[in-house]
Amino acid sequence: MRRALIVLLLVASVKALEPISTTIFVGTGAAVLGKKLYNYIYESCDANWIAFNATGLEQALQKKLFGQHVASRVILKAVTGYMNNPNPKKPLVLSLHGWTGTGKNFVSHLIAENLYTEGMHSRFVHLFTATAHFPHEKDLEMYKAQLQQWVKGNVSNCGRSMFIFDEMDKMQTGLIDSIKPYLDYYEQLDGVSYRKAIFILLSNTGGESIGKVALDFWNAGREREEIELHDLEKALSLSVFNNKKSGLWHTSLIDKNLVDYFVPFLPLEYKHVVQCGLNEMVTRGLKPDTNVVEQMAKDFIYYPKEERLFSVPGCKLIPNKLNFYLLDP
């Protein structure tokens with residue numbers, strides 16, 4: 001609200017004081033004022049637009065991410081610890097793994113929303129999708145060069161940039177290694193420091209090993225909440241590193257220990273699908289209806305087939321599926 005009021009009150013002044021036109025003013029005072037106003041109203045790489053909200057992230061993870069007690073703890077500690085360090089030795093690299101619909105993309109959005117005023121719309125957040133941005137095998141070398149330039153150019157523009165790589169399981173082998181130097185322990189490379197950037201890798205790879213651990217706990221009569229990171233992390237990193245269909249297959253990022261955290265996302269159960277459905281209704285401004293959401297959740301496909309324990313699509317289909325169940329009978 002405060003920013004909007006200032007925009008309304010000072011829009012005429014801002015137009016006159018944009019950096020490109022401040023030379024018409026006599027003295028440096030007007031130029032400095034013009035730049036400050038410009039940076040306040042138009043997104044800039046400064047504290048007006050980039051400020052980590054640890055409490056906001058914690059609350060968002062608690063209230064909006066369902067069934068992911070391990071991932072929530074790891075993400076909160078990793079991001080908070082990194083952002084509280086005024087002099088990190090390397091960029092933060094998170095590798096998020098699990099079946100589709102378990103919350104990997106959602107978490108990356110939550111991090112962005114609690115770091116950048118503009119959230120995912122910030123010009124300092126960069127999303128790459130393997131099938132959209134790197135579709136052709138024959139162009140691998142060109143993609144490597146482009147990716148290096150994209151990362152270097154954006155970090156040069158703002159050191160506190162975030163890069164999200166979706167569909168790592170579909171990315172060509174060797175492509176992500178092209179940015180390995182930027183993720184390493186270098187103070188600078190060609191005059192650019194990458195130490196305050198964040199890199200988030202999203203992949204379905206490892207979902208099978210994560211699901212096996214969750215199923216083993218269930219078969220042993222143990223609570224899902226008893227699962228800890230150490231129960232998953234080693235098997236997860238090995239399965240990702242040795243999976244030939246993964247963009248992280250034999251990657252130097254793992255071999256050189258440049259991935260700070262392998263974050264496992266557990267398969268979601270019926271109760272979590274219900275929670276997602278109720279949250280979707282709240283997001284739409286509707287009154288939560290448990291009967292409607294439970295009917296939708298029951299019609300989802302679950303595995304193993306006999307036990308119907310874990311949702312195959314996770315919560316991914318809910319936004320569109322819910323429309324059908326909201327219609328009058």
Side-chain angles (χ1 to χ4, degrees), residues 74-75 78-79 81-83 85 87-97 104-105 107-108 111-112 124-206 233-264:
V74 176
I75 291 293
V79 178
Y82 176 73
M83 293 303 300
N85 183 355
N87 186 31
K89 300 302 181 183
K90 66 180 291 296
L92 177 64
V93 183
L94 304 174
S95 193
L96 279 49
H97 298 268
K104 302 184 300 296
N105 264 294
V107 161
S108 63
I111 295 172
F124 307 123
V125 176
H126 313 281
L127 173 63
F128 299 94
T129 303
T131 52
H133 293 97
F134 316 110
H136 307 298
E137 290 187 16
K138 63 181 179 63
D139 294 327
L140 176 59
E141 295 306 314
M142 179 184 72
Y143 294 150
K144 287 182 178 180
Q146 288 180 338
L147 186 54
Q148 287 178 334
Q149 289 302 312
W150 286 336
V151 172
K152 181 179 180 179
N154 283 299
V155 175
S156 297
N157 181 48
C158 181
R160 189 64 83 184
S161 293
M162 178 187 291
F163 301 90
I164 304 170
F165 294 88
D166 197 6
E167 299 182 337
M168 284 297 301
D169 47 301
K170 298 180 178 65
M171 184 175 285
Q172 296 181 53
T173 301
L175 176 55
I176 198 66
D177 278 345
S178 65
I179 63 169
K180 180 260 180 188
Y182 307 144
L183 310 185
D184 216 325
Y185 291 83
Y186 296 114
E187 185 171 352
Q188 286 188 349
L189 285 173
D190 297 327
V192 179
S193 173
Y194 297 85
R195 291 181 167 187
K196 291 189 176 182
I198 297 177
F199 295 81
I200 304 178
L201 316 177
L202 311 178
S203 177
N204 291 345
T205 306
E233 194 170 32
K234 183 177 180 180
L236 177 57
S237 62
L238 287 175
S239 67
V240 171
F241 184 73
N242 293 316
N243 190 323
K244 291 185 177 181
K245 295 182 179 180
S246 168
L248 292 171
W249 180 66
H250 283 197
T251 174
S252 61
L253 271 61
I254 297 177
D255 192 38
K256 301 299 182 182
N257 297 308
L258 297 181
V259 176
D260 298 297
Y261 297 90
F262 289 93
V263 186

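Along the sequence shown, residues are numbered consecutively beginning with 1.
Between Tyr182 and Val155 the shortest side-chain heavy-atom distance does not fall below 4.5 Å. In this structure, Val263 and Val107 have side chains that are not in contact, with every pair of non-hydrogen atoms separated by 4.5 Å or more. Using a 4.5 Å heavy-atom threshold, the side chains of Asn87 and Asn85 count as touching. Using a 4.5 Å heavy-atom threshold, the side chains of Phe124 and Arg160 count as separate. Considering only heavy atoms from C-beta on, Asp260 stays 4.5 Å or farther from Tyr82 through its side chain. Contact annotation: the side chain of Phe165 never approaches that of Ser108 to less than 4.5 Å [non-hydrogen atoms, C-beta and beyond]. Within the 4.5 Å cutoff, the side chain of Asp169 has heavy atoms near those of the Asn204 side chain.
In this structure, CE on Met171 lies 11.0 Å from OH on Tyr143, to the nearest 0.5 angstrom. Here the CZ atom belonging to Phe262 is positioned 7.5 Å from the CD atom belonging to Glu233, to the nearest 0.5 angstrom. Note that CD1 of Ile164 is 10.0 Å distant from CG of Leu96, once rounded to the nearest 0.5 Å. Rounding to the nearest 0.5 Å gives a distance of 10.5 Å between CD1 of Ile198 and CZ of Phe163. Expressed to the nearest 0.5 Å, how far CG of Asp139 lies from CD of Gln172 amounts to 8.0 Å. Rounding to the nearest 0.5 Å gives a distance of 11.0 Å between CD of Gln149 and CG of Asn154.
The salt bridge (charged side-chain N to carboxylate O under 4.0 Å, His left out) analysis of residues 178-195, with sequence neighbours excluded, yields the pairs Lys152-Asp190, Lys180-Asp184.
Contact record, Ser178 with Gln148: O-NE2, 2.9 Å, taken as the closest heavy-atom pair. A pairwise comparison of heavy atoms in Lys90 and Leu183 identifies CE-O, 3.1 Å as the closest pair. In plain terms, the two heavy atoms of Ile111 and Leu94 that are nearest each other are CD1-CD1, 4.3 Å.
Remark: Pro91 engages Tyr194, Phe199 in a side-chain contact (heavy atoms from CB on, under 4.5 Å) (not counting sequence neighbours). Applying the side-chain contact (heavy atoms from CB on, under 4.5 Å) rule to Asp166 yields the partners Asn105, Leu127, Thr129, Leu202; only residues at least two apart in sequence or on another chain are considered.
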Would Leu258 and Val93 satisfy side-chain contact (heavy atoms from CB on, under 4.5 Å), going step by step from the backbone distance to the final call?
CA-CA 7 Å; Leu258 297 181; Val93 183; 5.5 Å; no
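Taking the six-membered ring for Trp and thresholds of 30 and 60 degrees, His133 and Phe128 have ring planes more than 60 degrees apart, a perpendicular arrangement.
The 12-atom threshold is exceeded at CD of Gln188, counting heavy atoms of other residues, nucleotides or ligands nearer than 6.0 Å.
Using modelled atom types, no side-chain atom of Asn157 and backbone atom of Gly153 make a donor-acceptor pair closer than 3.5 Å. Listed for the His97 side chain is a donor-acceptor partner under 3.5 Å among the backbone atoms of Thr205.
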